[in-house]
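Written below as structure tokens is the structure these notes are about.
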Amino acid sequence: MKWILKLTALLTVVLLSGCSFLQEVNSTLEYANEAKDYMNEAAAFAEEAPALAEKAAGSVQAREDLKQSLLDMKEEIQTFKEIEAPGAAQDAHSQLIKYSESLESGIDSALQQVENGEYTLQMLEDSEMMRNINEMKQILDQIEQLGS
């Protein structure tokens, strides 16, 4: 009888640790997908923003479109910052948060410039926002490797 209890206890421990492992894998894959979605949004922003900035110099509507694009990206950043990363992605997530905070600071600066009517395409191209998005893309490659 003791043998059966010991075997049952051992099987329970093995099953629970296996479930924990599967849960960690699922959590990592889910995080990788969320990070990829976030980076796709950042990449779309990086592609769209220069055209909006160029048009913003001569059009009130284009300036409003640029402002809305900046606000939308800022909201994406806030949403991503609230995600909890699994242990395997903790380092990459910390780097993404660092770049995201810098990107957010650049967006705040750009929003101020748009409000003051001082925003130009050259300012956008020279800003840290675009460099941060490129750095974030490299980190995404690392996260995608976790998911495979």
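Hydrogens, waters and symmetry mates are skipped; everything else that's a heavy atom, side chains included, is used. Since the structure is predicted, the reported quantities are computational estimates derived from the model, not experimental observations.
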Lys81, NZ: over 12 other non-hydrogen atoms inside 6.0 angstrom: yes
With no hydrogens and no angle check, is any side-chain donor or acceptor of Glu104 less than 3.5 Å from a backbone partner on Ile77? no
CD on Glu48 to CG on Leu66, rounded to 0.5 Å: 9.0 Å
Using atom types as modelled and distance alone, determine if a side-chain donor or acceptor of Ser105 lies under 3.5 Å from a backbone N or O of Glu101. no
Decide yes or no for Arg63 and Lys55: does some side-chain heavy atom of the first lie under 4.5 Å from some side-chain heavy atom of the second? no
With rounding to the nearest 0.5 Å, note down the distance linking CE in Met39 to CD in Glu34. 14.5 Å
For the student: nearest non-hydrogen atoms of Ser69 and Leu52, plus distance: CB-CD1, 3.7 Å
Who pairs with Ser59 by side chain to side chain contact (heavy atoms under 4.5 Å, CB included), at least two apart in sequence or on another chain? Gln61, Ala62
Indicate whether the side chain of Gln68 and that of Asp72 have a donor and an acceptor atom separated by less than 3.5 Å. yes
Which label fits Tyr31 and His93: parallel for a plane angle under 30°, tilted from 30 to 60°, or perpendicular past 60°? perpendicular
How far apart are the closest heavy atoms of Ala35 and Leu96, and which atoms are they? CB-CD1, 4.5 Å
Run the side chain to side chain contact (heavy atoms under 4.5 Å, CB included) test on Phe80 and Asp37 for me, step by step, so that the C-alpha distance in whole Å, both residues' side-chain angles and the decisive distance to 0.1 Å come before the verdict. CA-CA 10 Å; Phe80 183 75; Asp37 290 345; over 6 Å; no
Less than 4.5 Å apart, any side-chain heavy atom of Asp108 and any of Lys74? yes
Steps toward side chain to side chain donor-acceptor pair (under 3.5 Å) verdict (Thr79, Tyr38): CA-CA 9 Å; Thr79 300; Tyr38 171 63; over 6 Å; no
For the residue pair Leu70 and Phe45, establish whether any side-chain heavy-atom pair is separated by less than 4.5 Å. yes
So, taking the atom named CD in Gln95 and the one named CD in Gln90, what distance separates them when rounded to the nearest 0.5 Å? 11.5 Å
